[in-house]
*Asks:* 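Quick one: structure below, then a few questions.
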Protein chains: 2
Amino acid sequence: MDTKSPPSERQLSATKRSAILSGAMQEFLAQGYAATTMDRVAAAAKVSKATVYSHFKDKEGLFIALVQQLQEKKFQVVYGSPEGKRLQGPPRQVLHHLASNMLENIIEDKPFQAFMRLIIGESGRFPELARAFSHHTPRCFLSILKDYLGAQSGLNLKDPEATARIFIGSLVHYVIFQELLYAKEVVPFARERMIQGLVDLIVNDSA
Amino acid sequence: MDTKSPPSERQLSATKRSAILSGAMQEFLAQGYAATTMDRVAAAAKVSKATVYSHFKDKEGLFIALVQQLQEKKFQVVYGSPEGKRLQGPPRQVLHHLASNMLENIIEDKPFQAFMRLIIGESGRFPELARAFSHHTPRCFLSILKDYLGAQSGLNLKDPEATARIFIGSLVHYVIFQELLYAKEVVPFARERMIQGLVDLIVNDSA
DNA sequence: GTCTATACCAGGATAGAC
DNA sequence: GTCTATCCTGGTATAGAC
């Protein structure tokens, strides 16, 4: 018996590949594209640099593969969320619940915030990735909300889709501003107040 | 007579300094922090690299100086905007005008968009700059809008500040999403429809 | 398929002439 | 105060052993 890895002496390609992607995620999310070095990626993945290059063409290829993987995996969590199903119930409750969950999910999820930073920060150099992000991410969310709002005749909304965009946009902006740009430390604004303000604006039953 | 610069053979320090900042702006806004090289900054400023280092301690110092300068100069244009004065008039008109101007200003101003990308993208590495941005930028704008909304008793707003944040947040998010992330090419949404939706949501007089 | 070792290049920063 | 020339580190990518 030696001190090496007991289960499988020779690890297979798929294992290495996912280890590399995992290391790449750690580095790219923390440092951004240009500041990340293949050395550190290899170290984080506990793999030699040459192995990284045998699995991915170059730094750019690795980055693109990583982002695509994150889009597919991370997103179902944040945007697909508990409400993959259609929404139903009284607007006040549904909207409050929806906003609350969305903020909670994103604010807790630091890696996802780093991912937002990365996508926005690198959107100049990697426009394709930004386009893919715009295309896939808020699609289902927006569409579900739009349908729900459109079906609530009691709300008297002139443009349900615009309303849905305002709803989501306000919340995403809240996260970008308060969290990514540290506004919470400098011009704080309670999460609950934001949510309540948004719900009141949309529902607006004269209570 | 030689072929060199006729006006002043030896340029002064202040001139060089602003040339360097100008070159730095060009490079940092286009490439981001890490991908920008001091060589290219010097070239863009038509100055030797040593001169750059005589005016600024290092790359980081140059970057910070640049961002601070941009905050002070660029901002009065975009956020101070035509409405530095207090707002007055009927809500529908004022809000529509305000939103329209704000979007117009930001969407036309590509350098400012690059600046947003930069601030968000580098907010992990330069949290101080992000904090300064959060602190100064939308301050006056938000405050003016909040006061205006609070004064319009006809609107029946429960929380004018929350409403003001939703207003600005929706619009900023619109820019980030549609412009910076190229959503306009992939899930387009008319600017005017966004503005109208926002105004309708806030004003909401049953016409 | 994976590692070690290395080629090659570029970037940040500085020394020294003028 | 500004330039030219240079140092040195560290990065991407690959060659060759196992």
*Asks:* How close or far is atom P of C:dA10 from atom CD of B:Gln31, stated in whole angstroms?
*Replies:* 15 Å

*Asks:* For DNA chain D, whose closest nucleotide is more 5', that of A:Thr36 or that of B:Ser48?
*Replies:* B:Ser48

*Asks:* Angle class for the A:Tyr33/A:Phe28 ring planes (parallel below 30°, perpendicular above 60°, tilted otherwise)?
*Replies:* parallel

*Asks:* Nearest to the side chain of B:Lys49 - C:dG12, C:dC3, D:dC3?
*Replies:*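 Per side-chain heavy atoms of B:Lys49, the pick is C:dG12.
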
*Asks:* Atom CG of B:Asp39 and atom P of D:dT4: how far apart are they, to the nearest Å?
*Replies:* 12 Å

*Asks:* May I have the distance from B:Lys57 (atom NZ) to C:dG12 (atom C1'), rounded to whole angstrom?
*Replies:*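 From B:Lys57 NZ to C:dG12 C1': 12 Å.
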
*Asks:* Backbone N or O of B:Ser18 within a donor-acceptor pair of the B:Ser22 side chain at under 3.5 Å?
*Replies:*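 No; judged by distance alone, with no hydrogens or angles, the pair does not exist.
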
*Asks:* Between B:Phe189 and B:Phe177, is the ring centroid distance below 6.0 Å?
*Replies:*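 No, too far apart.
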
*Asks:* Output yes when at least one side-chain N/O atom of B:Lys46 is less than 4.0 Å from OP1 or OP2 of D:dC3, else no.
*Replies:* no

*Asks:* How many Å lie between CZ on B:Phe56 and C1' on C:dG12, as a whole number?
*Replies:* 16 Å

*Asks:* Taking the side chain of B:Lys59 as its heavy atoms from C-beta onward, which of D:dT12, C:dT4, C:dG12 lies nearest to it?
*Replies:* C:dG12

*Asks:* The side chain of B:Thr37 is closest to which nucleotide in this list: C:dG11, D:dT12, D:dT2?
*Replies:* C:dG11

*Asks:* Would you tell me if any nitrogen or oxygen in the side chain of A:His55 comes within less than 4.0 Å of OP1 or OP2 on C:dG1?
*Replies:* no

*Asks:* Where the side chain of A:Met38 is concerned, which of D:dT14, D:dT12, D:dT4 is the nearest nucleotide?
*Replies:* D:dT12

*Asks:* Report yes if a side-chain nitrogen or oxygen of A:Tyr53 is closer than 4.0 Å to either non-bridging phosphate oxygen (OP1 or OP2) of D:dA13; otherwise report no.
*Replies:* yes

*Asks:* Say whether, by atom type as modelled, one donor and one acceptor occur between the side chain of A:Gln178 and the main chain of A:Pro188 under 3.5 angstrom.
*Replies:*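 Absent.
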
*Asks:* Which one, C:dT2, D:dA15, D:dG11, comes nearest to the side chain of A:Ser54?
*Replies:*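 It is C:dT2.
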
